[in-house]
Q: 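Questions regarding the structure given below will be posed in turn.
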Amino acid sequence: MTGPSIEKTGSTRFIVFFIVLNLSIFSLSIEARSSQQHASFPPRGWNSYDSFCWTISEAEFLQSAEIVSKRLLPHGYQYVVVDYLWYRKKVEGAYVDSLGFDVIDEWGRLHPDPARWPSSRGGKGFTEVANKVHRMGLKFGIHVMGGISTQAYNANTLVMDSVKGGAYEESGRQWRAKDIGIKEKACVWMSHGFMSVNTNLGAGKAFLRSLYRQYAEWGIDFIKHDCVFGTDFNIEEITYVSEVLKELDRPVLYSISPGTSVTPTLAKEVSQLVNMYRITGDDWDTWKDVAAHFDISRDLSASSMIGARGLQGKSWPDLDMLPLGWLTDQGSNFGPHRACNLNLEEQKSQMTLWSIAKSPLMFGGDVRKLDDTTYNLITNPTLLEINSYSSNNKEFPYITVTRVSRIKHKSHPHHPTGNNISTKHAFGLTSCKEPKANTWSIVDKNRGQICWNQYSSQKLEKPFCLYNRKALPASDEEIKHNQLYQGKLHLQTNEKAESCLGASSKEKLTSKDYSRGTLSPCQLDANLMWELHTNGTLENSYSGLCAVLNPVKAAEATSNGVRSWIATGRRGEVYVAFFNLNQEKTTISAKIIDIAKALPNKKNLEGASCTSHELWSGKDFGPTKDSVSIQVEPHGPALFVLHCSHA
């Protein structure tokens, strides 16, 4: 009796020890994963969009990834990302907003075009491409659109239950694409391609969960989620996708786009849910696109959004890809075929601003034709040091400017917002939480007249008013959706207008473009529907953003002038960047005492003896006691590195 009893006890002890050991390992695994902060530094990599648009093939992508691994990975460029429409067949009739050319599975989920991505055949998706990228030491990313494809909606595919397997069932029935897709909330700038999903439905959530679990199974490390931010704002989908990504057994960096009309308030609504978020429209190789980034970068820095808390780590305002080197054109059906239109000074300004504003650095040029000038620019060690490790990054307004031209200009202090700039107003969108959004009211109920009550001190020449479209005979479809859009308005710019006001542009905007609203034939389209709330906000049914009139300064306000940024380095150095937005040479100066006042540890600079080096000229200025000053080329930058000490 004793022997068997002892043997059983020993066996039990072994089993208990085994379970405890495994639980300990599991606990350590979870603890280790939680201790690894996601996106601790601004992410860095290469994206195919600027050089290939949507046409890149598997062979071209892997060839590019191999070059990134050898030449750019040593400088921290670790992500390689396939941009949009990797699921679209490259055949006659296919283009950015075409319908019926996408590869989808039985669950309405997109799969790579097997003609361009042959390793995806047999339902493998991007698995083999991801494995090859990982063997190169890189991380693999893809671009995805928000919601569900119109093609899947039209096919009315079943919704997959990725938890239980098979079709999603609820309330005694199987759910399909037409149950979850919101046809009247199509992506405005790709209206034939995608529409929002109803995330209030269990089936809507199940569809999104099946998408992102599939991406994780493929080995995806980076998701660029488009048509969900800026004027395409969809906080419900962003929130749910963020939750799904948290549940995955592999870390996936989460980026959202585009960034048209982003404000600090809007950024704060999403920053904890993501790791990167675009803050402008698409950035292309024009000077106006580059110059358009200064104001929003300043505003987000002043709001402490740089490196704020993000999804399982930090989040970073994203100034968009770097369109340098060999490129294609926006919306093109062709690959790289032209050189960057920015001159070298403009390219240096872009790279300097992106670095000191701590934007993610995603190179967009064709790495197969990476010239030495572009390579040296995007791998400059000082800029990369600033981008990763600097702190206290902010715009610095206390500078003195002297323009150098045939007509001499007197020196004068520069202030970012001058009083001599003419201002007009343009219709735009903002977060409904912004105080300036609470400014609409009914002026004439009988005429359906809704007017903007001026928020700022600047007076409009005449009141801006909209008119509620008078009711027309309703179609069967409108009657069907009547409950969903009860109380919503179709607005016109005058009582006799035949078109209705839409919130978001039907074209994908670039950084320099304002979102001014559009006029379209009145129809059942959430972009054309508005709701006036009792608090004075006029909310758009597509994005959930609210209408405002924004001051739009004359062109000189965005393309001319000077700007300056400062930051501190991890070894105590101070960085001072000057940007000459003028079309003529300009001497820019800053006093050391003013720089000291702007930094948190100002005592480190007060009364200190400094030496300075300017990056782009390569000049050492030796002892620098009172100020730093340099003549800056048109559209060019200067970057001083100050080392200061007390005697």
Side-chain angles (χ1 to χ4, degrees), residues 26 29-30 33 36 38 45 48 56 58 61-62 65 78-88 102-114 116-149 151-152 157-168 175 177 180 194 197 199 202-226 228 237-238 240-256 274-275 311-312:
F26 177 75
S29 175
I30 295 295
R33 185 178 166 194
Q36 293 177 347
H38 208 25
S48 64
I56 193 167
E58 181 173 337
F61 182 79
L62 290 175
Q78 63 174 328
Y79 291 96
V80 286
V81 182
V82 182
D83 213 87
Y84 71 165
L85 305 182
W86 37 266
Y87 35 82
R88 185 148 299 171
D102 296 342
V103 179
I104 61 174
D105 66 10
E106 61 181 313
W107 308 109
R109 301 179 301 180
L110 297 159
H111 278 250
D113 169 24
R116 286 192 288 145
W117 302 87
S119 71
S120 69
R121 290 189 175 99
K124 295 179 182 177
F126 277 121
T127 303
E128 290 192 18
V129 172
N131 288 339
K132 290 178 181 179
V133 166
H134 292 154
R135 286 196 291 269
M136 296 176 194
L138 299 169
K139 295 183 178 181
F140 179 52
I142 59 173
H143 172 289
V144 300
M145 294 291 291
I148 188 170
S149 74
Q151 192 167 319
T157 52
L158 285 166
V159 173
M160 181 184 184
D161 188 334
S162 58
V163 176
K164 298 180 180 178
Y168 180 83
W175 289 66
I180 63 171
F194 293 85
V197 162
T199 53
K205 292 178 179 177
F207 175 77
L208 293 175
R209 185 168 57 245
S210 72
L211 288 182
Y212 289 87
R213 285 192 171 190
Q214 176 177 253
Y215 301 149
E217 290 169 3
W218 287 349
I220 304 300
D221 307 293
F222 180 108
I223 292 288
K224 178 182 176 183
H225 194 187
D226 210 343
V228 293
E237 184 162 332
I238 293 171
Y240 187 68
V241 170
S242 183
E243 291 174 3
V244 173
L245 295 180
K246 280 183 186 177
E247 297 170 356
L248 299 177
D249 59 359
R250 57 179 294 109
V252 177
L253 189 143
Y254 187 25
S255 167
I256 58 174
V274 302
N275 303 111
L311 175 62
Q312 296 179 307

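Note: hydrogens, waters and symmetry copies are ignored here, and every other heavy atom, side chains too, is used.
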Q: Which atom pair, heavy atoms only, marks the closest approach of Gly219 to Ala130?
A: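 Heavy atoms of Gly219 and Ala130 come nearest at O-CB, 3.9 Å.
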
Q: Ile180 vs Val159, test: side-chain contact (heavy atoms from CB on, under 4.5 Å). Steps then yes/no.
A: CA-CA 9 Å; Ile180 63 171; Val159 173; 3.9 Å; yes

Q: Under the salt bridge (charged side-chain N to carboxylate O under 4.0 Å, His left out) test, which residues partner Arg88, sequence neighbours left out?
A: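 Partners of Arg88 by the salt bridge (charged side-chain N to carboxylate O under 4.0 Å, His left out) criterion, ordered by chain and then number, come out as Asp102.
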
Q: Which one of Glu243, His225, Glu247 satisfies the side-chain contact (heavy atoms from CB on, under 4.5 Å) criterion with Tyr212?
A: His225

Q: Any side-chain to backbone donor/acceptor pair from Glu237 onto Gly147? Under 3.5 Å, distance only.
A: yes

Q: Nearest 0.5 Å please: distance from the CD atom of Gln312 over to the CG atom of Leu245.
A: 8.0 Å

Q: Distance check, rounded to the nearest 0.5 Å: Ile56 atom CD1 versus Leu85 atom CG?
A: 13.0 Å

Q: What closest approach, in Å, do Tyr254 and Leu311 show between heavy atoms, and which atom pair accounts for it?
A: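 For Tyr254 versus Leu311, the nearest heavy atoms are CB-CD2, 3.9 Å.
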
Q: Does the plane of the ring in Phe194 sit parallel, tilted or perpendicular to the ring in Tyr87? Use 30° and 60° as the thresholds.
A: perpendicular

Q: Carefully, step by step, assess Thr157 and Trp107 under the rule side-chain contact (heavy atoms from CB on, under 4.5 Å).
A: CA-CA 6 Å; Thr157 52; Trp107 308 109; 5.9 Å; no

Q: Indicate yes or no: at least one non-hydrogen side-chain atom of Val163 is less than 4.5 angstrom from one of Arg213.
A: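 Touching, per the 4.5 Å side-chain cut-off.
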
Q: Are the side chains of Trp175 and Phe207 in contact, using a 4.5 Å heavy-atom criterion?
A: no

Q: Would you indicate whether the side-chain heavy atoms of Ile220 and Phe140 approach each other to under 4.5 Å?
A: yes

Q: Rounded to the nearest 0.5 Å, how far does CD1 of Ile142 lie from CD1 of Ile223?
A: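 The CD1 atom of Ile142 is 4.5 Å from CD1 of Ile223, to the nearest 0.5 Å.
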
Q: Check for a donor-acceptor pair, side chain of Gln151 on one end and backbone N or O of Ile104 on the other, with a separation under 3.5 Å.
A: no

Q: Rounded to the nearest 0.5 Å, what separation is found between the OG1 atom of Thr199 and the CD1 atom of Ile238?
A: 11.0 Å

Q: May I ask you to test the Val244-Leu208 pair for a side-chain heavy-atom distance under 4.5 Å?
A: no

Q: Rounded to the nearest 0.5 Å, how far does CZ of Arg109 lie from OG of Ser210?
A: 5.0 Å

Q: Hey, what's the ring geometry for Tyr215 with Trp218, parallel, tilted or perpendicular (30° and 60° as the breaks)?
A: tilted

Q: Between Asp83 and His143 (side chain of the first, backbone of the second, donor and acceptor by atom type, cut-off under 3.5 Å), is there such a pair?
A: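 No; judged by distance alone, with no hydrogens or angles, the pair does not exist.
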
Q: With a 4.5 Å heavy-atom cut-off, do Val82 and Phe222 have their side chains touching?
A: no

Q: Who are the salt bridge (charged side-chain N to carboxylate O under 4.0 Å, His left out) partners of Asp113, not counting sequence neighbours?
A: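 Arg116.
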
Q: CG/Asn131 to CD/Glu128 distance, rounded to the nearest 0.5 angstrom?
A: 7.5 Å

Q: State, with a plain yes or no, whether a side-chain heavy atom of Glu106 is found less than 4.5 Å away from one of Leu158.
A: no

Q: Taking side chain as C-beta onward, heavy atoms only, is Ser120 less than 4.5 Å from His111?
A: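 No, too far: nothing below the 4.5 Å cut-off.
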
Q: Heavy-atom distance under 4.5 Å between the side chains of Asp221 and Arg250, does that happen here?
A: yes

